[in-house]
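Here, residue 1 is the first one in the sequence, and each next residue gets the next number.
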Amino acid sequence: MEVLFPQLGDESHILLGCRREDFSASRIAHAVEDCDAHLINLNVLAMEHPQAEILIDIRVNRRNPVEVARSLRRYGYDVLEIDNAGPDDDSGDNTLRERIDQLLHYLNI
């Protein structure tokens, strides 16, 4: 499985659900790309779920995929589960804060 799905670091899995006639891989890719994220994997699962006819597991290159999930909802997909690869949900915000602090430090020198 590691050959087919290599770990890339900053990535998250999102489980989507939809009706059979609403499934479109290109629409899912557009929804992900609207957030300046990249779709790494898209898999249609052969599992049943009470809230959806089709289950889709996607992997995106975001540690915090909340924006991607919002975009997918706007496109009409049900976001059933989000699995973050990072230590916590706001880790992207911490990285941004650290970089801003470093920039301010250099500007004060």
Side-chain angles (χ1 to χ4, degrees):
M1 291 305 277
E2 184 65 30
V3 174
L4 295 175
F5 306 109
Q7 296 295 322
L8 301 175
D10 291 342
E11 60 188 35
S12 298
H13 286 266
I14 301 174
L15 182 65
L16 305 173
C18 70
R19 296 180 318 174
R20 212 171 278 287
E21 56 269 8
D22 293 336
F23 173 74
S24 171
S26 62
R27 284 184 63 211
I28 293 171
H30 285 294
V32 171
E33 291 169 358
D34 279 353
C35 300
D36 294 325
H38 296 286
L39 182 64
I40 300 170
N41 293 98
L42 184 147
N43 299 304
V44 177
L45 304 177
M47 298 169 30
E48 292 186 15
H49 196 275
Q51 296 176 342
E53 291 179 25
I54 295 181
L55 290 177
I56 306 114
D57 178 59
I58 64 170
R59 186 167 58 141
V60 297
N61 70 332
R62 290 285 184 264
R63 182 172 286 183
N64 185 356
V66 173
E67 292 178 18
V68 175
R70 276 190 221 127
S71 179
L72 289 160
R73 285 186 185 108
R74 282 193 305 270
Y75 274 75
Y77 292 97
D78 295 324
V79 177
L80 304 173
E81 185 179 312
I82 297 175
D83 179 26
N84 297 4
D88 47 37
D89 291 347
D90 62 348
S91 60
D93 294 339
N94 290 337
T95 303
L96 181 60
R97 278 187 219 121
E98 290 173 7
R99 289 180 183 169
I100 289 172
D101 289 341
Q102 290 173 356
L103 176 63
L104 291 174
H105 175 74
Y106 288 120
L107 291 175
N108 287 331
I109 292 181

K.L.:
Should Leu80 and Met47 be counted in the same cluster of Ile, Leu, Val, Met, Phe, Trp and Tyr side chains packed under 4.5 Å apart?
P.N.:
yes
K.L.:
Find the distance between CD1 (Ile54) and NE2 (His49) and round it off to the nearest 0.5 Å.
P.N.:
14.0 Å
K.L.:
Rounded at 0.5 Å granularity, tell me how far CD in Glu11 sits from CG in Asn41.
P.N.:
8.0 Å
K.L.:
If you compare all heavy atoms of Gly17 against all heavy atoms of Leu55, which two are closest, and at what distance to 0.1 Å?
P.N.:
CA-CD2, 4.4 Å
K.L.:
With hydrophobic residues grouped by side-chain heavy-atom distances under 4.5 Å, do Ile56 and Ile40 end up in a single group?
P.N.:
no
K.L.:
Dump the intermediate steps for side chain to side chain contact (heavy atoms under 4.5 Å, CB included) on Leu16 and Val79, then the final yes or no.
P.N.:
CA-CA 5 Å; Leu16 305 173; Val79 177; 3.9 Å; yes
K.L.:
For residues Cys18 and Tyr77, report the shortest heavy-atom separation together with the two atoms involved.
P.N.:
CB-CD2, 3.8 Å
K.L.:
Testing the basics here: between Ala69 and Ile14, what is the closest heavy-atom pair and its distance to 0.1 Å?
P.N.:
N-CD1, 4.4 Å
K.L.:
Quick one: does any side-chain atom of Glu53 pair with a main-chain N or O of Arg20 as donor and acceptor, under 3.5 Å?
P.N.:
yes
K.L.:
Check whether Val68 and Phe23 end up in the same hydrophobic cluster, where Ile, Leu, Val, Met, Phe, Trp and Tyr are linked by side-chain heavy atoms less than 4.5 Å apart.
P.N.:
yes
K.L.:
Checking side chain to side chain contact (heavy atoms under 4.5 Å, CB included) against Leu103, which of Ile100, Leu107, Asp101 comes through?
P.N.:
Leu107
K.L.:
For residues 27-38, tabulate all N or O donor-acceptor pairs below 3.5 Å that involve a side-chain atom, not counting sequence neighbours.
P.N.:
residue, atom, partner, partner atom, Å
Arg27, NH2, Tyr75, O, 2.4
Asp34, OD2, Tyr75, OH, 2.6

K.L.:
When clusters are formed by joining ILVMFWY residues with side-chain heavy atoms under 4.5 Å apart, either directly or through shared neighbours, do Leu45 and Leu39 land in the same one?
P.N.:
no
K.L.:
If you round to the nearest 0.5 Å, how far is CG of Asp83 from CG of Leu15?
P.N.:
10.0 Å
K.L.:
Could you pull out all residues at least two apart from Asp22 that satisfy salt bridge (Lys or Arg N to Asp or Glu O under 4.0 Å)?
P.N.:
Arg19
